[in-house]
Amino acid sequence: IPMKPLLALLLAAASTLALAEPNMDQVPNVLRKPLLGNGLQTAQMNDKGVLRLQMNKPQVSELTYSSFVFHSICAEQWRHPQEFAQAGLTRVELLNADASQGFAFDASGDVCERMGKMGQKYRELINPRTSACSAKSC
């Protein structure tokens, strides 16, 4: 493919990806960047600190969910602890494309902080604070 048509194709693909990102007006700034690129359809945070996310996947596996909590949620607490605390996050709900299945993480307390310490097995900290979601409720 010649260079100019290839560049046009890449630009079109990039603009399509940008449009695919969810509206994050209700999400605190500290959490917006880490949520990008996760294939989310929706991202909303209510006044009780519940961050409700819906992915473009037919099913959310436990591994996807645990990795998401570790890398996209808790890692921000380690990088920006003060901003993270001000966000008031209490719970993260990660649901599949039709919101019929997923998981919820109790993010209150210091669980993310403890996860960031050397030698911690993050799934052992996430699993006890996790509940399954089904039929659009957690």
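Atom set for the values below is all heavy atoms of this structure, side chains included, hydrogens, waters and symmetry mates excluded.
In this structure a side-chain-to-backbone donor-acceptor pair under 3.5 Å is present from Asn96 to Pro58. A donor-acceptor pair under 3.5 Å is absent between the side-chain atoms of Ser66 and the main chain of Arg123, judged by distance alone. Looking only at distances, no side-chain donor or acceptor of Gln101 sits under 3.5 Å from a matching main-chain atom of Ser134.
Criterion: ILVMFWY side-chain heavy atoms under 4.5 Å apart, direct or through other members. Under it, Met45 and Leu40 are part of a common hydrophobic cluster. Hydrophobic clustering of Ile, Leu, Val, Met, Phe, Trp and Tyr side chains at less than 4.5 Å, counting indirect connections, keeps Ile73 apart from Val50. Hydrophobic clustering of Ile, Leu, Val, Met, Phe, Trp and Tyr side chains at less than 4.5 Å, counting indirect connections, unites Leu53 with Met55.
Sorted by first and then second residue, the pairs that involve residues 94-121 and meet salt bridge (Lys or Arg N to Asp or Glu O under 4.0 Å), not counting sequence neighbours, are Asp106-Arg129, Asp110-Arg114. Annotation: salt bridge (Lys or Arg N to Asp or Glu O under 4.0 Å) contacts involving residues 48-63, sequence neighbours excluded, comprise Arg52-Glu93. Under the ring pair (Phe, Tyr, Trp, His ring centres under 6.0 Å) criterion, the residue pairs touching residues 76-120 are Tyr65-Phe103, Phe70-Trp78, with sequence neighbours excluded. Each salt bridge (Lys or Arg N to Asp or Glu O under 4.0 Å) pair with one or both residues in residues 68-85, not counting sequence neighbours, appears once here: Glu76-Arg79. Under the ring pair (Phe, Tyr, Trp, His ring centres under 6.0 Å) criterion, no residue pair touches residues 26-56, with sequence neighbours excluded. A disulfide (SG to SG under 2.5 Å) check over residues 31-127, counting only residues at least two apart or in different chains, returns the pairs Cys74-Cys112.
Contact between Val69 and Ile126 at its shortest, heavy atoms only, is CG1-CD1, 3.8 Å. Taking every heavy atom of both residues into account, Asn38 and Ser72 meet most closely at ND2-OG, 3.3 Å. Nearest approach of Val27 to Arg32, heavy atoms of both residues: O-NE, 2.8 Å.
Within the 4.5 Å cutoff, no side-chain heavy atoms of Val30 are placed close to those of Gln86. A heavy-atom distance below 4.5 Å is found between the side chains of Cys138 and Leu95. A heavy-atom distance below 4.5 Å is found between the side chains of Leu35 and Phe68.
Checked by atom type, the side-chain pair Asn56/Gln41 shows a donor-acceptor distance below 3.5 Å.
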